[in-house]
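To start, the structure under review is shown below, and the notes come after it.
Convention: sequence-line order gives letters A, B, ...; per-chain numbering from 1.
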Protein chains: 2
Amino acid sequence: MTNGIDERYHVRSVSRAALILEHLAAATDGLTVTEVARIAGGSKSSTFSTLQTLESHGLVSSEGEGTQRRYFLGLTLARYGELAVSRVSIRDIALPELRALTDETQMSSRVAKPEQGHAVIVGRVDAPGSVRFDLHMGQRELPHCSGLGKAVTAELDDDAVRRLLDSVGMPARTRKTVTDPERLLAQLADVRRRGYAVDDEEDADGVYCVGAVARNHRGECAGAISVTGLKLDVTEERIHELGELVRECAHRISARLGWS
Amino acid sequence: MTNGIDERYHVRSVSRAALILEHLAAATDGLTVTEVARIAGGSKSSTFSTLQTLESHGLVSSEGEGTQRRYFLGLTLARYGELAVSRVSIRDIALPELRALTDETQMSSRVAKPEQGHAVIVGRVDAPGSVRFDLHMGQRELPHCSGLGKAVTAELDDDAVRRLLDSVGMPARTRKTVTDPERLLAQLADVRRRGYAVDDEEDADGVYCVGAVARNHRGECAGAISVTGLKLDVTEERIHELGELVRECAHRISARLGWS
DNA sequence: TGCGAATGTTCTGTAATGCCGAACTCTATT
DNA sequence: AATAGAGTTCGGCATTACAGAACATTCGCA
């Protein structure tokens, strides 16, 4: 979990608590105190104290008394999550446009907001009857192998991209994932020229994705949108067509955000 | 924020971090470091460290560099919130039933889960065109003045109710709010007999609400549902009718949860 | 029914660290 | 240009979060 934030001014207990939340998020069936202590590191007793503290604030909840008590993410997080998402203005503006885009393309669409270099999903429209791609609210898209990620990353200059890739790495998600920084930089130059980014089975096998950025009144990147579908459904000539559709949709969103 | 959790095993830094999140949730337009320090208590420097830590985990986000930098709830909370809500099984079972209930009554309906004595909202169906009541996901309903809260509280025995009221208080939200513990206990006895709870403008002026609990396969309270509408729309004879509707709907949900 | 293993909970000393206050840098405004 | 106020950095001391062990409970198995 290394990102651009200075390590000097971290408060350890809080960082540990955040890690515990992250592990609880990964565990669908909850965790016991001992499991949390083992997975997140730290002693049983301090883990216990941290969990108690988090629970008293509703950030975690527990079920079962006595032995075998299991901890889960608490429902206060639902409230915070709603508030966090509702604050993102691009979401409300993008969703109607995305519904139209999904109607036209029959592909699932997403809107993301840049946060610390990553694209974080803040809204989605699923194509009816389509395969469910596991793209969830709040999910962080990788900068080097997703339509949303590439679109956002293309906003940075080459040096900033190199630094970003350095800190987050370029894990190979499929055989087609670009793992060479220089080759990705060349792709990003294309993205800037064309106005849209392509993920051709680079994040998941058989999945195709096109993304483009939307801009606010100051011309800054306010977020990105994308459509995702099966590679099977995307013919050769459809690729360019899709790119144009997504770019134009992003343009409409930009216009509504005050960009000319 | 005093609840049943032992104060001895709290880790202070984590508690402070949780408080900061709570204050950020209350501030719609974000807060600066100095504002957070002032409101949440503590020095500027330690508040700064805590915010940095939370930001590095995506639990808060900040906008604006240099002076006047503002902090908000981070989007990681959106992901956690979705996960926390999706784990609540009563939600998925209740939502279809609530849609039917809202269709029939033309009132907004809610489903909540009990957590530490409070009813926490985990799902909602808004009546089309109705006034928007500010009942949000993750919101904690008060035990003494809301349909959901009363329904859940009626599950406890009188002593437990007294202890709960003692720790959370009975704030008067309207002129009709019940602030006398003994009178509330009498009401709760009615709730147990009738099978539904009524909030007659006790939480907000002009707002009427009826709630009932649903039970799991062991007969325990798995959650509660409610319908909410304007007092104006609820005629005298409709009251009993509504109660029956809500109770029957809760029964259907209980049946689907394995209760006989 | 009773034993044992594993779990959650409590306790205590100590090393670490989180907290404060003060100094510093930077920006915006007068 | 000066000042006021913001965010950021630094150093030292008191606090406290941590680990480990002891205790209390529960559950499974014979």
Which atom pairs, donor and acceptor, lie under 3.5 Å between side-chain atoms of residues 73-84 of chain A and protein residues at least two apart or in another chain?
unit_1  : atom_1 : unit_2  : atom_2 : d
A/Thr76 : OG1    : A/His57 : O      : 3.4
A/Thr76 : OG1    : A/Gly58 : O      : 3.3
A/Arg79 : NH1    : B/Glu22 : OE2    : 3.4
A/Arg79 : NH2    : B/Glu22 : OE1    : 3.2
A/Arg79 : NH2    : B/Glu22 : OE2    : 3.4
A/Tyr80 : OH     : B/Glu22 : OE1    : 2.4

From [atom1] of [X] over to [atom2] of [N], roughly how many Å is that when rounded to an integer?
X	N	atom1	atom2	answer
B/Arg16	C/dC20	CZ	C1'	10 Å
A/Leu51	C/dT7	CG	P	15 Å
A/Leu31	C/dG8	CG	P	11 Å

Counterpart residues, side-chain contact (heavy atoms from CB on, under 4.5 Å), relative to A/Ala160 (two or more places apart):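 A/Ala160: side-chain contact (heavy atoms from CB on, under 4.5 Å) contacts with A/Leu156, A/Asp157, A/Arg163.
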Go through the structure and list residues passing salt bridge (charged side-chain N to carboxylate O under 4.0 Å, His left out) with [X], not counting sequence neighbours.
X	result
A/Glu63	B/Arg87, B/Lys113
A/Asp158	A/Arg192
A/Arg12	none

Nucleotide N/O of nucleotides 3-8 of chain D paired with protein N/O under 3.5 Å:
unit_1 : atom_1 : unit_2  : atom_2 : d
D/dG7  : OP1    : B/Val33 : N      : 3.3
D/dG7  : OP2    : B/Thr34 : N      : 3.4
D/dG7  : OP2    : B/Thr34 : OG1    : 2.5
D/dG7  : N7     : B/Lys44 : NZ     : 3.1
D/dT8  : OP1    : B/Arg69 : NH1    : 2.6

Residues B/Ser43 and B/Ser46: side-chain donor-acceptor under 3.5 angstrom: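 Result is yes, a qualifying pair exists.
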side-chain N/O B/Ser13 vs D/dA17 OP1/OP2, d < 4.0 Å: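 Yes, within the criterion.
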A/His251: ring pair (Phe, Tyr, Trp, His ring centres under 6.0 Å) partners, not counting sequence neighbours: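 Ring pair (Phe, Tyr, Trp, His ring centres under 6.0 Å) check on A/His251 returns A/Trp259.
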5' priority, DNA chain D, between B/Arg12 and A/Ser46 [closest heavy atom]: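 Residue closer to the 5' terminus by nearest nucleotide: B/Arg12.
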Side chain to side chain donor-acceptor pair (under 3.5 Å) against A/Tyr71, all qualifying residues, sequence neighbours excluded: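 Not a single residue meets the side chain to side chain donor-acceptor pair (under 3.5 Å) criterion with A/Tyr71.
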Net bend of the helix from C/dT1-D/dA30 to C/dT30-D/dA1, end axes of five pairs each, nearest 10 degrees: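 Roughly 40°, once rounded to the nearest ten degrees.
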